[in-house]
Amino acid sequence: MGKEKQISVDVKIADQINEKKTFTSGVTLKEIIDSFQIENKNDYVAAFLNKTLKELNWKVYKDAEVEFLSKTSVIGFDLYKRSVVLLMLKAAKDVLCKSEGSYRIEVMYSLANGFFCRLVDAETEVTEELLEKIKNRMKELVEKDIPIGKRIAYTPDMRRRFLERDLPGKAALLKYRRASRTNVYYLDDYEDYYYGYMVPSTGCLTLFDLVKYDDGFVLVIPDRKTFSMDDPYKAPDKLYNVLRQSEDWGNKLNISCVGALNDLIVSGWGNHLILMQEALMEKQIANIAETIVKEDRRIILIAGPSSSGKTTFSNRLSVQLGTFGMTPYPIAMDNFFKEREDTPKDADGKYDFECIEAMDLKLFNDTMSGLLEGREMPMPTFDFMIGKKVYDGKTIKLNKGDVLVVEGIHALNPLSTESLPKDSSFKIYISALTQLNIDEHNRISTTDTRLLRRIVRDARTRGNSATKTISMWQSVRRGEEQNIFPFQEEADAMFNSAMIYELSAIKQFAEPLLFGVPEDSDEYYEAKRLLKFLDYFLGIDISLIPQNSLMREFIGGGCFKV
């Protein structure tokens, strides 16, 4: 018998290991990391093998470069969240002791650091006692460190099995899968289909909680950066109510998952769906405008994360206010930056334009107060080239029926309006809170929806490649997490700008851009992941999308200047 082939592997494990080591060909990535004396090996859940993401059970046959990813990395945390859902579903099956098909657990949407879930079972009520039993079973499975396996199954067979288990969303999703084979993950005797990779074993899933909420429960996950959890968990009630309203509307149309959306498009009802969604959105904007008029609010403050459609929303809200005889004056908070020399710097010594300390809040409050008192106030324009506010003679004076529409990332922060009368302003939080799921256990991330919007818009309006937009995205998200999300519950109204048809519309614009991301770039994995995600959706005819649609802010052809 010949000598086993040896391979050379350059191994990088965070700040702990960066060295070359020899292994026998066919070694798994898990065996590679286990060969090193490092603490907390279960913190590492995946690896880049020659810049291609692989699960830790992947075998390496040739010389390679390997970089291991921890569960606190962006990619590793996605694996963690996905895997803890599998863990919860397996534990629930063990506790309920029921055959699959007699009950169903649905993972609905993200609520702060957690996922709202619902148990669909006429005979079982969600109680604190039941959740405690499921949580304890989850902990037992973690202690046993059971491998999470993957097998290849025949797609039609899995469709039939999911129908038998009362998982119509999964069955409908696989109906439109072009591949004849499907990867299925299993944990002991429980198996499921998931969009994306998993951690290698239950021993990696060390932190979670189950908290009863409304008619379901929240599967609480840790904060990614600190890998800790708030105690006790507090759900964002206003955000939940908006998500629930969107879910209820989707259920009325029998569209809760991607497969159902595809069925509707195939049946020829795609155009009707566009018109219904746009009508609903117009009604919601009109309701907000009516509330503002009834409550006699003079300053409207609008904030939301990137690519939420704030510009189009502001324009459409202004149109609705006009139907009540009001004249809106748009104001950008960006014009109230401090002078460049007074702008604070971050830890790297760079100007931090996103922190609230970069805003000239005294000037902003003084200007808004003067306008409310009926005085004519000079309005600055911030010149980013010279880093100073410029006054070019522009002034505003509020007359009866006039209203200010202020947009900015700090618009909901109480510090922005601390010297104004509390009953003078109306705060609106806007975000693309996707109401559609891939299937019963795989959510559609609102972040993914916004990223796709931004990729398409940036390419059209700024000439940016998808590579550049993806490379900036984590920085954008950090700013949102610090300056926008913490204040969303301060809003008087929340507006969900997600449209049930939008991913079917935007895919035809996003896919060519994503295919253009170079294979050797750091952004290639994310582009490939988004392409796989978009592959679930059938395309829809965009010709009936109205010119004032929020979608036009991203795909073009709109009537508003954006």
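All figures in this text were calculated on a predicted structure; none of them were measured in a lab. For the single chain, residues carry numbers from 1 onward in sequence order.
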>> I'd like to check the side chain to side chain contact (heavy atoms under 4.5 Å, CB included) partners of Val27; sequence neighbours left out, ordered by chain and number.
In response: Ile7, Phe23, Glu31, Ile32, Val60

> Backbone N or O of Gly169 within a donor-acceptor pair of the Glu440 side chain at under 3.5 Å?
Replying inline: yes

>> I'd like to know if the side chain of Asn437 and the backbone of Met108 have a donor-acceptor N/O pair within less than 3.5 Å.
In response: yes

> Can you name the residues that form a ring pair (Phe, Tyr, Trp, His ring centres under 6.0 Å) with Trp58, not counting sequence neighbours?
Replying inline: none

> Pick one: which of Arg457, Glu502, Arg460 meets side-chain contact (heavy atoms from CB on, under 4.5 Å) with Phe554?
Replying inline: Arg457

>> Nearest 0.5 Å, please: how far is CG in Leu53 from NZ in Lys51?
In response: 14.0 Å

Identify every side-chain donor-acceptor pair in residues 149-162 under 3.5 Å, counting partners at least two apart or on other chains, and give the distances.
residue, atom, partner, partner atom, Å
Lys150, NZ, Glu55, OE1, 2.7
Arg151, NE, Glu191, OE1, 3.0
Arg151, NH2, Glu191, OE1, 3.1
Arg151, NH2, Glu191, OE2, 3.2
Thr155, OG1, Ala179, O, 3.1
Thr155, OG1, Ser180, O, 3.0
Thr155, OG1, Arg181, N, 3.3
Thr155, OG1, Thr182, OG1, 2.7
Asp157, OD1, Arg160, NH2, 2.2
Arg159, NE, Ala171, O, 3.1
Arg161, NH1, Glu191, OE2, 2.7
Arg161, NH2, Glu191, OE2, 3.2

> Under the side-chain contact (heavy atoms from CB on, under 4.5 Å) criterion, do Leu264 and Tyr501 qualify, and how do the steps go?
Replying inline: CA-CA 10 Å; Leu264 187 141; Tyr501 70 82; over 6 Å; no

> Residues in side chain to side chain contact (heavy atoms under 4.5 Å, CB included) with Tyr61, at least two apart?
Replying inline: Ser25, Lys59

>> Test: salt bridge (Lys or Arg N to Asp or Glu O under 4.0 Å). Region: residues 78-94. Which pairs qualify, not counting sequence neighbours?
In response: Asp78-Lys81, Lys90-Asp94, Lys90-Asp188, Lys90-Asp189, Lys93-Asp189, Asp94-Arg137

> Do you see a donor-acceptor pair shorter than 3.5 Å between the side chains of Asp145 and Ser201?
Replying inline: yes

> Can you name the nearest heavy-atom pair linking Thr434 to Ser445, along with the distance?
Replying inline: OG1-O, 4.4 Å

> Any side-chain heavy atom of Ile33 sitting closer than 4.5 Å to one from Ile38?
Replying inline: yes

>> Is a donor from one side chain sitting under 3.5 angstrom from an acceptor on the other, for Tyr213 and Asp237?
In response: yes

> With the threshold set at 4.0 Å, does a side-chain nitrogen-carboxylate oxygen contact exist between Lys21 and Glu19?
Replying inline: no

> Tell me the side-chain hydrogen bond (donor to acceptor under 3.5 Å, both in side chains) pairs involving residues 505-525, sequence neighbours left out?
Replying inline: none

> Which residues pass the ring pair (Phe, Tyr, Trp, His ring centres under 6.0 Å) test with Tyr80, sequence neighbours left out?
Replying inline: Phe227

> With sequence neighbours left out, which residue pairs that include part of residues 193-213 fulfil the salt bridge (Lys or Arg N to Asp or Glu O under 4.0 Å) condition?
Replying inline: Lys135-Asp209

> Got a sec, which pairs hit salt bridge (Lys or Arg N to Asp or Glu O under 4.0 Å) with one end in residues 478-489, sequence neighbours left out?
Replying inline: Lys225-Glu481, Arg450-Glu480, Arg477-Glu481

>> Among residues at least two apart in sequence or on other chains, which ones pass ring pair (Phe, Tyr, Trp, His ring centres under 6.0 Å) with Tyr536?
In response: Tyr195

> Residues two or more places apart in sequence or in another chain: which of them pass side chain to side chain contact (heavy atoms under 4.5 Å, CB included) with Glu143?
Replying inline: none

>> Taking the side chain as everything from C-beta on, heavy atoms only, tell me whether Asn57 gets closer than 4.5 Å to Thr28.
In response: no

> With a 4.5 Å limit on heavy-atom distance, are the side chains of Ile455 and Trp473 in contact?
Replying inline: no

> For Ser308, does its backbone N or O pair with a side-chain atom of Ser497 as donor and acceptor, under 3.5 Å?
Replying inline: yes

> Who pairs with Asp215 by side chain to side chain contact (heavy atoms under 4.5 Å, CB included), at least two apart in sequence or on another chain?
Replying inline: Phe116, Arg118, Tyr240, Arg244

> Taking the side chain from Asp458 and the backbone from Asn464, do they hold a donor-acceptor pair closer than 3.5 Å?
Replying inline: no

